[in-house]
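Each residue takes its place number in the sequence, starting with 1.
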Amino acid sequence: MNAIDATDRNSKADDAEPPSLLTIIIDTNPHAWNLLQDALPLSKVIVNTLVLINAHLAINHANKVAVLASHCEKAVWLYPAAKISQTEPESGNGNGSAANSSHLAEKDAFTQPLEDANKYRPFAHLENVLTYNLRDLLNTTTAHALSSSPTTMMAGALTMALNYISKQSATLPTGNSSAQFNYSDPNAVAGGNDVAGADPSRPHAGSMSPVSRILILSVSGDLANQYIPIMNAIFACQRLNIPIDILKLAGDTVFLQQAADATGGVYMALDATTRAGLLQYLMFAYLPDQTARQHLVMPGDSAGVDFRAACFCHRRIVDIGYVCSICLSIFCGVLADGQCLTCGSQLRLTNYGNKPAVVPKKKAKKKKRPMDGADITMSGTGTPISS
C-alpha cells in the first residue's frame, strides 16, 4: 500500500541520471570566418549549435547550458545574458528621454520570448537571447580591434567557462526539488526547471552531482601566444574531471588537441568535404555526456596527437628546446645571459656542445686450454696438473 500512494518515496534511492552542464565556446574570430564565408558561414554554425542545445536540454529537465563567444579582443557571454539595468542616465540633449526609452525598448525586446505556438518556450527564449547578444557583439566590433588582435581570446573564454562551472557546481542542487523557471529573466539558465537546493533531511538527497563538460568550436589557427594560460586551464579541467571536446572547423589547433587528449574529450577535425555534415557530427559525437559515453564507442583517437610545446621567449612551437630546471620554462635556444626569463634563476650548461667521453670496453681474458698431447694428472685436491 505504501508503494501505491508513494508514502515510501523518501526511503527510495534516486537512480535518475545526474544533471549535465554543457558549456559551449564558439570561436567568433572575424578573420577566420571571413575565409570560411563561402564554405561554412557563421549563421549555419549557430543554427546547428542551437539544435544541439535544444537536444541537450530535452534529454533531462535539469540539464543546463551556457554559451560563450571567443572574439578577437575579448570573450563575452552569449547565454546566459548579463542582467540589463532598467534605468539609464539621461543624456544632456532635450530628447534624451525619448532616446533612452527607445533604447530600453530595443534592449528589453530580447528578454521576452517570441509567442510561437510551434516552439517550446525555453528554446525560444534561449535562441532569442543568444542571437541578440551575438548580433550585438559583431555590430560593436571596431576596425581597430580587428587590426590590433587578429587571433581569438580562447584562453579568456576557457577561464570564464571554468569560473562559471565552479559557481554552478557550488550552487547546483543534488536533490530532486525544483523551482519554477522564469522565462522572462535574462539571467536564468535554460533547462526547463531550475533545480533548487537539496533537502538535507532526505537520506539520498546528495546522491546526484552535476557533471560538466566544455565544447569548443574552433576556426582559428595555432595560439602560441596563449600557451601558458591555455595549459593552466587544461590542467584545471584535468584535475576537476571536466572533459574538453574540440570540433575543429578550420586552422591547426595543436594545443586544443592536447587539451582533448589530456582531459579525455573528443577531438574531431572537419575538412572541406565533411563540413556539410556538421549537424550529424554534433548530434552523434558531442551530444552524449560522460554518463552515456561509458556505454558508447566514441570517435577520435590519440594516436596522432602533436605533443609539441611553445617556447616562452618567442612563442614558437619547437621540437627540441631547453627547459629551466627550476620553473620548467621552455626556451627555443640557449639564453644569452644564462638567466631564466620566467623565474630569474641563473642557469648554465656545463658540458653543452662537448662530445660524450667514450670509455673503452675492457677485454675479457681468455682461459688457457691445455696443450694437445699433454699428460694431465689429478692432484690430491682434484685440480688437474699438466706434466
[X] side chain to [Y] main-chain N or O, any donor-acceptor pair under 3.5 Å?
{"X": "Ser166", "Y": "Asn163", "value": "no"}
{"X": "Asn139", "Y": "Arg135", "value": "yes"}
{"X": "Gln37", "Y": "Leu42", "value": "no"}
{"X": "Gln168", "Y": "Ser212", "value": "no"}
{"X": "Gln257", "Y": "Met268", "value": "no"}
{"X": "His56", "Y": "Lys64", "value": "yes"}
{"X": "Asn63", "Y": "Pro19", "value": "no"}

Next on the checklist: Leu22 vs Ile24, test: side-chain contact (heavy atoms from CB on, under 4.5 Å). Steps then yes/no.
Outcome noted: CA-CA 6 Å; Leu22 174 61; Ile24 302 177; 3.9 Å; yes
[X] and [Y]: which non-hydrogen atoms are nearest, and at how many Å?
{"X": "Trp33", "Y": "Leu249", "result": "CH2-CD1, 4.1 Å"}
{"X": "Asn29", "Y": "Cys72", "result": "OD1-CB, 4.2 Å"}
{"X": "Ser218", "Y": "Asp27", "result": "CA-CB, 4.0 Å"}
{"X": "Met160", "Y": "Ala75", "result": "SD-O, 3.3 Å"}
{"X": "Ile246", "Y": "Tyr286", "result": "O-OH, 2.7 Å"}
{"X": "Thr141", "Y": "Leu137", "result": "OG1-O, 2.7 Å"}

Checklist entry - Just checking, is any N or O donor in the side chain of Thr274 or Asp271 under 3.5 Å from an acceptor N or O on the other one? => result yes
Is [Y] reachable from [X] through a run of I, L, V, M, F, W or Y residues, each pair having side-chain heavy atoms under 4.5 Å apart?
{"X": "Val47", "Y": "Val129", "value": "no"}
{"X": "Ile228", "Y": "Leu162", "value": "yes"}
{"X": "Ile326", "Y": "Phe312", "value": "no"}
{"X": "Ile330", "Y": "Leu347", "value": "no"}
{"X": "Leu78", "Y": "Leu50", "value": "yes"}

Kindly indicate whether the side chain of [X], heavy atoms from C-beta on, has any atom under 4.5 Å from the side chain of [Y].
{"X": "Thr151", "Y": "Gln226", "answer": "yes"}
{"X": "Ser345", "Y": "Cys327", "answer": "no"}
{"X": "Val67", "Y": "Leu134", "answer": "no"}
{"X": "Thr23", "Y": "Leu215", "answer": "no"}
{"X": "Pro299", "Y": "Val266", "answer": "yes"}
{"X": "His71", "Y": "Pro30", "answer": "yes"}
{"X": "Arg275", "Y": "Leu36", "answer": "yes"}
{"X": "Leu68", "Y": "Val76", "answer": "no"}

Item to check | Leu52 and Leu287: CA distance, side-chain angles, deciding distance, side-chain contact (heavy atoms from CB on, under 4.5 Å) verdict | outcome: CA-CA 7 Å; Leu52 172 67; Leu287 180 59; 3.9 Å; yes
How would you list, by chain and number, every residue that makes a ring-ring contact (aromatic ring centres under 6.0 Å, His included) with [X], sequence neighbours excluded?
{"X": "Phe255", "result": "Tyr227"}
{"X": "Phe123", "result": "Tyr120"}
{"X": "Phe331", "result": "none"}

Item to check | Derivation and outcome, side-chain contact (heavy atoms from CB on, under 4.5 Å), residues Ile242 and Thr263 | outcome: CA-CA 7 Å; Ile242 300 175; Thr263 58; over 6 Å; no
Next on the checklist: So for atom CG, which belongs to Asn241, do other residues, nucleotides or ligands contribute more than 12 heavy atoms lying within a distance under 6.0 Å?
Outcome noted: no
Rounded distance [0.5 Å steps], [atom1] in [X] versus [atom2] in [Y]:
{"X": "Ser20", "Y": "Ile59", "atom1": "OG", "atom2": "CD1", "result": "8.0 Å"}
{"X": "Leu278", "Y": "Thr49", "atom1": "CG", "atom2": "OG1", "result": "6.5 Å"}
{"X": "Met231", "Y": "Gln258", "atom1": "CE", "atom2": "CD", "result": "4.0 Å"}
{"X": "Asn232", "Y": "Thr159", "atom1": "CG", "atom2": "OG1", "result": "8.5 Å"}
{"X": "Ser147", "Y": "His31", "atom1": "OG", "atom2": "NE2", "result": "7.5 Å"}
{"X": "Gln238", "Y": "Asp261", "atom1": "CD", "atom2": "CG", "result": "9.5 Å"}

Qualifying salt bridge (Lys or Arg N to Asp or Glu O under 4.0 Å) pairs, either residue in [range], two or more places apart:
{"range": "residues 31-46", "value": "none"}
{"range": "residues 122-134", "value": "Lys119-Glu127"}
{"range": "residues 283-294", "value": "Asp245-Arg293"}

Item to check | Test log, rule side-chain hydrogen bond (donor to acceptor under 3.5 Å, both in side chains), inputs Ser70 and Thr152 | outcome: CA-CA 6 Å; Ser70 177; Thr152 180; 2.5 Å; yes
Next on the checklist: Working note: Leu158 + Ile25, criterion side-chain contact (heavy atoms from CB on, under 4.5 Å); need CA distance, chi angles, decisive distance, verdict.
Outcome noted: CA-CA 8 Å; Leu158 279 173; Ile25 300 177; 3.9 Å; yes
